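Structure, as structure tokens:
Hydrogens, waters and symmetry mates play no part in the numbers below; they use all other heavy atoms, side chains included. Bear in mind that the values here come from a model prediction, so they are computed numbers and not experimental data. Just so it is clear: chains get the letters A, B, ... in the order the sequence lines come, proteins before strands, and each one is counted from 1.
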Amino acid sequence: MKIATWNINGVKARIENLLHWLEEADVDIVCLQEIKSVDEGFPRDRIEALGYHVETHGQKGFNGVAILSKLRFDEVHRRLPGDEEDEQARFVEGVFSTNKGVLRVVSLYLPNGNPVDSPKYPYKLSWMERLHQWTQERLALEEPLVLAGDYNVIPQPQDAKNPQAWVGDALFLPQTREAYRRLVNLGLTDALRATTQEADTYTFWDYQAGAWQKNNGIRIDHLLLSPEAADQLRAVEIAKHTRGWEKPSDHVPVIAELDCMPA
DNA sequence: ATGGTTGTCCCACAA
């Protein structure tokens with residue numbers, strides 16, 4: 001079973017790229033972020049025609065997440081608990097049945113947090129605290145759980161081509177990295193780092209200043225696995241070639257292969 | 001140091 005995460009930066013602008021990639025990649029579950037669409041505007045028909053079930057949590061103009069799955073959804077949950085006032089669409093959870101039992105998958109879009117002297121940074125940190133709380137509760141279930149998404153966190157210097165350029169940025173501040181480590185230290189496995197120590201495993205290249213041409217990338221899209229999911233981890237791949245396509249997203253898909261099959 | 005780009009939507013804002 002292949003599970004992917006991809007920040008597509010606008011589903012309407014990226015629909016042709018998305019469909020093309022779905023056809024070539026043969027993934028079972030796809031977590032999308034920054035769909036930038038309300039639920040009614042999501043181009044579900046063309047995706048369903050490829051054999052996917054579609055669940056979205058959208059909002060107008062910004063943010064928005066979705067899960068596309070060849071498996072039927074047994075359950076869907078929207079919104080990260082912990083703040084009733086939070087209107088931003090950044091979290092959707094699906095539950096599936098596999099030949100090895102239940103599988104939980106989350107598509108999350110963690111707040112960017114810049115500029116750091118604005119309310120956006122405390123919002124990011126409090127969102128991370130809520131995610132920590134939620135994850136702690138879910139881990140108690142001792143189920144295969146995949147937390148997939150755009151974390152807007154550069155975990156370590158080796159996750160950036162030019163780490164010094166990110167000092168002081170909300171994606172790389174010590175407090176950000178500490179909150180991310182605290183989450184991982186609950187017992188999660190970073191799927192990519194569990195399978196490779198290679199350099200240049202970036203998932204995002206800015207549109208500006210020729211970042212792609214210079215390979216000036218960062219790794220901010222992650223698949224974090226519960227112990228039960230990590231037991232099933234076979235391989236991880238970054239679909240870097242999609243960044244070279246016409247009208248690319250600034251992020252590329254990251255795909256983890258687990259040792260289970262649709263039930 | 002600054003500016004460089006893209007998507008959404010109506011004018012900047014977010015990234």
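Taking atom CD of residue A/Q213 and atom P of nucleotide B/dG4, one finds them 16 Å apart after rounding to whole Å. As a whole-Å value, the separation of A/N216 CG from B/dG4 C1' is 12 Å. Computed from coordinates, the A/W212 CH2 to B/dA15 P distance equals 23 Å when rounded to whole Å. The CD1-P distance, from A/I8 to B/dT6, rounds to 17 Å in whole Å. When the P atom of B/dT5 is taken as reference, atom NZ of A/K214 falls 12 Å away, rounded to whole Å. Rounded to a whole Å, the CG atom of A/N112 is 11 Å from the P atom of B/dA14. Atom CZ in A/F62 sits about 6 Å away from atom P in B/dA14, given to the nearest Å. A/D206 places its CG atom 13 Å from the C1' atom of B/dG7, with the value rounded to the nearest Å.
Here the side chain of A/R14 is nearest to one of B/dA15, B/dA14, B/dT6, namely B/dT6. When each of B/dT6, B/dA15, B/dC10 is scored by its nearest atom to the side-chain atoms of A/Y207, the top-ranked nucleotide is B/dT6. Of the candidate nucleotides B/dT8, B/dT6, B/dA15, B/dT8 has the atom nearest to the side chain of A/K12. In this structure, the nucleotide among B/dT6, B/dG3, B/dT8 sitting nearest to the side chain of A/A13 is B/dT8. For A/Q208, whose side chain is taken as the heavy atoms from C-beta onward, the closest listed nucleotide among B/dC13, B/dG3, B/dT5 is B/dT5.
Checked against the 6.0 Å centroid criterion, the rings of A/Y180 and A/H222 qualify as a close aromatic pair.
Salt-bridge annotation for A/R78 and A/E93: absent, with no side-chain N of the basic residue lying under 4.0 Å from a carboxylate O of the acidic one. A salt bridge links A/R46 and A/E16; the closest N-O separation between the charged side-chain nitrogens and carboxylate oxygens is under 4.0 Å.
For A/K120 and B/dA14, the shortest distance from a side-chain N or O to OP1 or OP2 is below 4.0 Å. In terms of phosphate contacts, A/K124 brings no side-chain nitrogen or oxygen within less than 4.0 Å of OP1 or OP2 of B/dA14. Between A/K247 and the phosphate of B/dG7, there is a side-chain N or O to OP1/OP2 separation shorter than 4.0 Å.
A/W21 and A/W6 have perpendicular rings, their planes meeting at more than 60° on a 0 to 90° scale where under 30° would count as parallel.
Residue A/F204 is classed as having no contact, given no heavy-atom separation below 4.0 Å to the nucleic acid.
Mapping A/G10 and A/D150 onto DNA chain B by nearest heavy atom places A/G10 at the nucleotide closer to the 5' end. Checking A/N114 against A/P248, the closest nucleotide of DNA chain B that is more toward the 5' end is the one next to A/P248.
B/dA1 and B/dA14: their C1' atoms are spaced 23 Å apart (whole Å).
Defined by atom type and a distance below 3.5 Å, a donor-acceptor pair is missing between the side-chain atoms of A/N7 and A/D221.
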